[in-house]
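Report on the following structure.
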Amino acid sequence: MNSVENARVFIGLGSNLEAPRQQLTRAIEQLAELAESGHLKVSSFYRSRPLGPQNQPDYINAVAGLTTQLSPEILLDRLQAIEQAHGRRRDGPRWGARTLDLDLLLYADRIICSERLTVPHPGLPERAFVLIPLADIAEADLMIPGIGTLQQLLSAVDGDDLERLDE
Ligand code: ROI
């Protein structure tokens with residue numbers, strides 16, 4: 001059984017190589033075309049300093065929300081296929097530059113801990129470049145399962161390094 005009732009999911013997008021804004025724009029078009037999915041919402045784009053090694057370009061980050069009947073694993077397959085189509089290489093340094101990163105941040109109210117997937121995404125609670133765009137498209141009382149509300153997490157992060165870009 002690979003399909004489920006419509007689940008509301010959030011996906012983090014990040015790129016710091018090969019025209020990052022275009023990478024994100026194209027990825028959003030691909031998310032809009034995902035089978036068995038709809039109601040796409042997209043945050044503003046943000047420029048952020050790299051988390052991790054500093055000898056890499058700044059990132060462009062955004063968050064997309066959609067509803068899907070795809071199971072978490074099938075959705076992950078689709079996200080990884082989009083990353084592949086963007087020339088994403090998995091053989092670089094662990095926290096190195098990338099053409100496109102698509103992170104499954106939240107899948108409805110599910111807590112998932114499998115070999116391939118950890119949901120909520122483990123970086124979500126402390127990453128301003130995830131929480132601030134997420135707040136563009138989700139209610140402040142959105143529950144991050146097992147953690148708390150989006151509002152609680154937002155009040156604990158420092159968004160000083162984040163620059164909202166013009167549409
Ligand atoms: N840093 C920023 N600012 N944005 C990202 O999307 C991002 N993604 C990553 C690492 C390398 C951890 N750093 C990042 O995977």
Side-chain angles (χ1 to χ4, degrees), residues 8-32 34 40-66 68 72-73 75-107 111-138 142 144-147 150-167:
R8 189 177 183 213
V9 306
F10 292 97
I11 295 155
L13 300 93
S15 170
N16 72 343
L17 283 183
E18 296 175 30
R21 288 171 82 143
Q22 280 165 252
Q23 299 280 355
L24 262 59
T25 300
R26 177 77 192 113
I28 288 158
E29 289 165 8
Q30 290 165 308
L31 291 175
L34 264 187
L40 182 70
K41 280 193 193 180
V42 184
S43 73
S44 294
F45 286 8
Y46 293 81
R47 186 187 313 282
S48 63
R49 310 262 319 134
L51 171 70
Q54 294 297 299
N55 60 343
Q56 55 179 322
D58 284 352
Y59 279 79
I60 304 299
N61 285 110
V63 169
L66 50 88
T68 186
E73 290 73 21
L75 178 60
L76 180 64
D77 289 341
R78 302 291 156 81
L79 298 181
Q80 290 184 345
I82 296 173
E83 289 177 343
Q84 290 295 319
H86 286 249
R88 169 74 184 273
R89 301 187 56 153
R90 296 208 162 261
D91 56 3
R94 181 161 171 257
W95 276 19
R98 64 248 353 253
T99 49
L100 181 67
D101 207 8
L102 295 177
D103 288 334
L104 182 50
L105 302 171
L106 294 170
Y107 186 101
I111 294 179
I112 304 168
C113 211
S114 70
E115 212 161 289
R116 293 185 66 206
L117 260 182
T118 304
V119 178
H121 188 280
L124 181 147
E126 62 262 15
R127 293 183 177 177
F129 63 80
V130 173
L131 294 171
I132 291 172
L134 179 58
D136 284 346
I137 56 168
L142 177 76
I144 315 299
I147 298 172
L150 175 56
Q151 184 60 60
Q152 287 168 331
L153 294 174
L154 274 172
S155 62
V157 295
D158 174 0
D160 288 357
D161 272 350
L162 213 60
E163 180 196 350
R164 188 194 295 258
L165 301 176
D166 296 333
E167 304 292 309

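Both counts, for ligands and for their atoms, begin at 1 and track the order of listing.
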List the atom pairs, with distances to 0.1 Å, where a side-chain N or O of residues 119-126 and a protein N or O form a donor-acceptor pair under 3.5 Å, not counting sequence neighbours.
unit_1: His121; atom_1: ND1; unit_2: Gly123; atom_2: N; d: 3.0

Anything under 3.5 Å between a donor and an acceptor, one on a side chain of residues 20-27, the other on a protein residue two or more places apart or in another chain? List them.
unit_1: Arg21; atom_1: NH2; unit_2: Asp166; atom_2: O; d: 3.1
unit_1: Gln23; atom_1: OE1; unit_2: His86; atom_2: ND1; d: 2.6
unit_1: Gln23; atom_1: NE2; unit_2: Glu18; atom_2: O; d: 2.9
unit_1: Thr25; atom_1: OG1; unit_2: Arg21; atom_2: O; d: 2.9
unit_1: Arg26; atom_1: NH1; unit_2: Glu29; atom_2: OE1; d: 3.0

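The main-chain N or O of Thr99 is found under 3.5 Å from a side-chain atom of Ser15 such that the two form a donor-acceptor pair. The closest donor-acceptor contact from the side chain of Asn16 to the backbone of Ala97 lies at 3.5 Å or more, if one exists at all.
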Write 'none' if nothing qualifies; otherwise put on separate lines each N/O atom of ligand 1 with a protein N/O atom under 3.5 Å away and their distance to 0.1 Å.
unit_1: ligand 1; atom_1: 1 (N); unit_2: Leu51; atom_2: N; d: 2.9
unit_1: ligand 1; atom_1: 3 (N); unit_2: Ser48; atom_2: OG; d: 2.8
unit_1: ligand 1; atom_1: 3 (N); unit_2: Arg49; atom_2: O; d: 2.7
unit_1: ligand 1; atom_1: 4 (N); unit_2: Asn61; atom_2: OD1; d: 2.9
unit_1: ligand 1; atom_1: 6 (O); unit_2: Asn61; atom_2: ND2; d: 2.8
unit_1: ligand 1; atom_1: 13 (N); unit_2: Leu51; atom_2: O; d: 2.8
unit_1: ligand 1; atom_1: 15 (O); unit_2: Arg98; atom_2: NH1; d: 3.1
unit_1: ligand 1; atom_1: 15 (O); unit_2: Asp101; atom_2: OD2; d: 3.4

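Side-chain contact check for Arg78 and Gln30: no donor-acceptor pair (N or O, by modelled atom type) lies under 3.5 Å.
By the side-chain contact (heavy atoms from CB on, under 4.5 Å) test, Ser44 pairs with Tyr46, Asp136, Arg164, Glu167, sequence neighbours left out.
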